[in-house]
Amino acid sequence: MNQITLKNLDPQLTQNLQQRAEQNGRTLEAEITAILVSVLNSSAPTEPNLATAIQQRFAEVGGVELPEIPRESVRKPPTF
């Protein structure tokens with residue numbers, strides 16, 4: 001395992017890290033490791049959802065503006 005040394009940390013940051021470690025029942029090193037793992041694993045690029053993919057596709061040609069469809073009230077159910 002590699003060793004990393006951080007110098008000149010803000011004392012408030014160090015205190016916040018220590019408090020967070022205590023709340024989670026971890027050592028300071030384990031807490032920092034958990035923070036780094038969660039941040040680095042969540043930043044993996046994800047595929048865009050369908051709406052984003054469509055928007056990106058049409059952005060090349062200037063986009064598409066669709067008119068807003070007026071909404072109507074819900075009709076009453078039929079009685080038999």
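All values below come from the heavy atoms of this structure, side chains included, with hydrogens, waters and symmetry mates left out.
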Who are the side chain to side chain contact (heavy atoms under 4.5 Å, CB included) partners of Thr33, not counting sequence neighbours? Val37

Nearest 0.5 angstrom please: Arg20 CZ to Leu28 CG, how far? 11.5 Å

Considering only distance and modelled atom types, tabulate donor-acceptor pairs under 3.5 Å from the side chains of residues 49-62, sequence neighbours left out.
from	atom 1	to	atom 2	distance (Å)
Asn49	OD1	Ala51	N	3.3
Asn49	OD1	Thr52	N	2.8
Asn49	OD1	Thr52	OG1	2.8

Interatomic distance, CD1@Ile32 vs CD1@Ile4, rounded to 0.5 Å, equals 9.5 Å

Considering residues at least two apart in sequence or located in another chain, which fulfil the side chain to side chain contact (heavy atoms under 4.5 Å, CB included) criterion with Ala34? Arg26

N/O donor to acceptor pairs below 3.5 angstrom from side-chain atoms of residues 66-80, sequence neighbours left out:
none

Working to the nearest 0.5 Å, report the span between CD of Glu22 and OG1 of Thr27. 11.0 Å

Who pairs with Gln12 by side chain to side chain donor-acceptor pair (under 3.5 Å), at least two apart in sequence or on another chain? Asn16

When rounded to the nearest 0.5 Å, the distance separating CG of Leu36 from CG of Asn41 is 10.5 Å

Taking only residues two or more places apart in sequence or in another chain, which ones pass side chain to side chain contact (heavy atoms under 4.5 Å, CB included) with Leu13? Leu9, Asp10, Leu17

